[in-house]
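Below is one structure; the comments refer to it alone.
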Protein chains: 2
Amino acid sequence: MVSISDVAHEAHVSKMTVSRVINHPEQVSAEIRTDVQQVISQLGYVQNRAGKALANNRHYNIAFILLDDINEIEPYYAHLLMHLTDALRNEGYTLEMRHDRNFDLTNVDGFLVCGARHSDFDILNNLPIPVVIYGTEAGITSVDIDNKAGTYLATQLLINQQYQRLLFLGMAIDEPFETNREAGYRQAMQETGREPEIHHLPNNEQIAFQFLQNSHLSANTGIIAATDRLGLGALRASRHQGLAVPDEVGIVGFDGIYIHQLAEQSLTTVQQPLKEIAEKMVQLLLAELSGESVTSEYVVPELIHGETTIK
Amino acid sequence: MVSISDVAHEAHVSKMTVSRVINHPEQVSAEIRTDVQQVISQLGYVQNRAGKALANNRHYNIAFILLDDINEIEPYYAHLLMHLTDALRNEGYTLEMRHDRNFDLTNVDGFLVCGARHSDFDILNNLPIPVVIYGTEAGITSVDIDNKAGTYLATQLLINQQYQRLLFLGMAIDEPFETNREAGYRQAMQETGREPEIHHLPNNEQIAFQFLQNSHLSANTGIIAATDRLGLGALRASRHQGLAVPDEVGIVGFDGIYIHQLAEQSLTTVQQPLKEIAEKMVQLLLAELSGESVTSEYVVPELIHGETTIK
DNA sequence: GAGAAACCTGTTACCGGTAACATCGAGAAT
DNA sequence: ATTCTCGATGTTACCGGTAACAGGTTTCTC
């Protein structure tokens with residue numbers, strides 16, 4: 001592996017000049033700068049992360065902490081992880097995965113957290129290194145999807161498609177993302193003078209399926225599900241009861257995890273833009289690391305039209 | 001963060017003695033050793049990876065390269081990744097994810113590769129740092145599941161359950177894992193004097209579903225699927241045609257990715273023991289890194305009884 | 001009981017990089 | 001012409017850890 005000394009020697013300058021060309025190119029004369037840059041690309045020099053880490057009192061390593069059950073969220077976990085890694089790699093950082101609540105500070109510069117619950121926020125708020133969470137909570141830098149806007153869009157879609165009864169399948173947990181998804185539905189209903197009808201269930205397609213078997217379904221029903229898993233349960237129940245989807249029952253899920261696979265019909269859904277989320281999380285974390293003060297950000301969900309809504 | 005110097009100072013010894021207590025404890029007198037160990041745990045000292053990396057001419061970072069389409073294999077990708085990370089973390093390494101064919105050597109000590117195809121092996125064979133692949137190929141250290149044993153078990157199960165016709169749904173690719181899965185089926189068929197019936201399809205539940213709609217199904221059929229996705233398609237087709245599963249049609253998948261979710265009935269399947277696979281991969285890679293010569297390993301698949309086979 | 005060997009601990013130098021300071025030459029100011 | 005300033009580069013020291021060697025005791029050997 002070629003080191004900064006090799007470059008320095010080859011370019012007949014000191015290591016320090018090479019370092020400057022990389023980190024503060026404006027401090028180096030144009031002539032020497034191009035010389036050195038040429039030698040760098042000629043030798044294929046890449047900075048050694050360990051050396052840089054030691055000199056800068058950094059680790060160039062970020063811990064990604066997954067607090068959700070991995071079985072619950074595999075599909076988007078994998079994608080989020082991939083996008084986070086890519087974004088960090090571009091900045092010379094590695095991503096280390098964890099799935100416990102130790103928040104071990106050794107050899108990491110910051111935390112990216114996914115699936116944090118109320119009970120975690122106290123600890124997260126008092127960590128001595130930067131933290132960015134995926135989700136919403138006052139006091140912690142976060143990136144979140146606009147959940148309310150998502151279900152609002154979904155509900156509007158089903159309203160426009162003339163379904164008479166509009167049902168919301170929510171999750172049986174007390175977390176902001178659930179409350180907000182419900183709020184989006186409520187708002188769309190209220191604006192069009194409809195009575196909301198809300199059921200809370202565990203986030204499981206089988207349970208949703210069974211619940212809807214108990215005479216909750218009828219023709220001309222639109223179902224707004226708080227998650228794709230619930231939406232998938234609704235799809236199965238509809239088909240099982242001989243109700244045509246989307247002609248008699250329309251369904252919109254939330255998350256966008258089943259687009260590529262599995263569903264008997266592809267689910268219309270509110271998709272989480274995972275790449276954008278990952279990039280924003282990394283951007284915020286690195287900004288915090290360089291001492292900037294940052295504010296939480298929201299991303300806009302996108303309605304993906306599948307085969308469970310009309311047209 | 002407490003450094004080795006802090007420990008040395010507190011324990012009234014040199015840095016070198018502390019280093020020895022950690023890396024070569026047998027070289028230090030019992031008395032001093034316990035002293036130092038006590039100071040270490042008292043101060044909560046943990047080695048700095050960057051310092052260690054620089055001194056040892058290592059990076060303590062491994063690249064995990066995913067060459068499969070992430071959409072194809074999300075579910076087990078997420079789990080494999082988690083187990084790999086855990087195993088490496090125990091040894092002081094981080095795992096860095098990639099999904100391209102660059103095999104960039106900078107800042108990594110070795111590669112773990114998943115989803116490599118024939119065309120990749122030339123490059124992999126000539127990399128100057130250790131590589132362990134998930135799968136089989138002569139010349140490259142690998143960990144693989146015994147695919148043949150898996151389908152052999154699956155086929156035997158369906159034979160024992162008295163299904164008359166036994167169908168194998170294979171994948172339409174020419175890779176060892178496919179050939180071996182087919183071979184396990186063939187062997188079990190041959191040993192019981194049956195005629196194999198094999199169809200090759202793209203690995204997609206919808207395609208399997210449609211294929212089986214064309215009069216390929218009948219009562220008293222056992223289906224051995226080369227993947228869970230094909231198995232899921234078979235399950236849907238059976239149900240759609242009013243064939244009772246498992247009473248009239250028995251189905252066994254392969255991979256174990258749908259155990260926790262999604263299927264209308266849980267799929268009986270040949271499960272890949274991902275934790276064991278991950279641990280073996282890491283163990284082999286680290287052994288190679290310390291100069292030992294290693295040989296590829298196989299892990300034994302386990303039959304998971306779901307609701308698509310009898311009892 | 002002297003020399004050798006074994007054992008234990010400390011010292012030095014280095015891994016690759018960068019901050020802080022030192023140096024040097026050229027042009028500006030007076 | 002002399003000093004001042006500034007821009008460009010080099011030198012030194014250090015980040016945290018470890019290999020290689022040095023030095024000091026103790027134990028063994030005959």
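Each chain gets a letter, A, B and so on, in the order the sequences are listed, and its residues count up from 1.
Atom NE2 in His24(A) sits roughly 14 Å away from atom C1' in dT9(D) (whole-Å rounding). One interatomic measurement links the two molecules: CE of Met1(A) to P of dG17(C), which rounds to 11 Å at whole-angstrom precision. Following rounding to the nearest Å, Ile4(A) (CD1) and dA19(C) (P) show an atom-to-atom distance of 11 Å. Distance CG (Asn107(B)) to C1' (dC15(C)): 14 Å, rounded to an integer number of Å. Spacing between atom CD1 of Ile40(A) and atom C1' of dG17(C) amounts to 13 Å, rounded to whole angstrom units. Atom CD1 in Ile22(A) sits about 6 Å away from atom P in dT18(C), given to the nearest Å.
With respect to Asp104(B) and Arg89(A), a salt bridge is recorded, a charged nitrogen being found less than 4.0 Å from a carboxylate O. A salt bridge links Arg117(B) with Asp68(B); the closest basic N to acidic carboxylate O contact falls under 4.0 Å.
Asn126(B) places a side-chain N or O within 3.5 Å of a backbone atom of Asp122(B) that can act as its donor or acceptor partner. Looking only at distances, a side-chain donor or acceptor of Asn107(B) sits under 3.5 Å from a matching main-chain atom of Arg49(A). No donor-acceptor pair under 3.5 Å is formed between the side chain of Asp120(B) and the backbone N or O of Ala116(B).
Residues in residues 26-44 of chain B take part in no side-chain hydrogen bond (donor to acceptor under 3.5 Å, both in side chains) pair, two or more places apart or across chains.
Each end of the helix from dG1(C)-dC30(D) to dT30(C)-dA1(D) gets its own axis, taken as the rotation carrying the C1' atoms of four end pairs onto the next four within a five-pair window, and the two axes meet at 50° to the nearest 10 degrees.
Under the 3.5 Å distance criterion, with hydrogens and angles disregarded, no donor-acceptor pair is assigned to the side chains of Asp255(A) and Thr227(A).
Ring planes of Tyr77(B) and Phe64(B): parallel class, angle under 30° (limits at 30 and 60°).
Across all their heavy atoms, Asn125(B) and Gly139(B) have their closest contact at OD1-O, 3.2 Å.
OP1 or OP2 of dT18(C) has at least one side-chain nitrogen or oxygen of Ser19(A) nearer than 4.0 Å.
Only one option out of Ile22(B), Thr17(B), Leu43(B) pairs with Val7(B) in a side chain to side chain contact (heavy atoms under 4.5 Å, CB included); it is Leu43(B).
Here OG1 of Thr85(B) is found 11.5 Å from CD of Glu96(B). Values are rounded to the nearest 0.5 Å. One finds the CD1 atom of Ile62(B) at 6.5 Å from the CG atom of Leu286(B) (value rounded to the nearest 0.5 Å).
The stretch residues 87-96 of chain B has no heavy atom under 4.0 angstrom from DNA chain D at all. For the segment residues 47-61 of chain A, the set of residues with a heavy atom within less than 4.0 Å of an atom of DNA chain C comprises Gln47(A), Asn48(A), Gly51(A), Lys52(A), Leu54(A), Ala55(A), Asn56(A), in numerical order.
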Can you build the contact string for nucleotides 8-13 of chain C? Use B for base contact, S for sugar-phosphate-only contact, and - for no protein heavy atom under 4.0 Å.
SBBB--
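With sequence neighbours left out, the salt bridge (Lys or Arg N to Asp or Glu O under 4.0 Å) criterion links Asp144(A) to no other residue.
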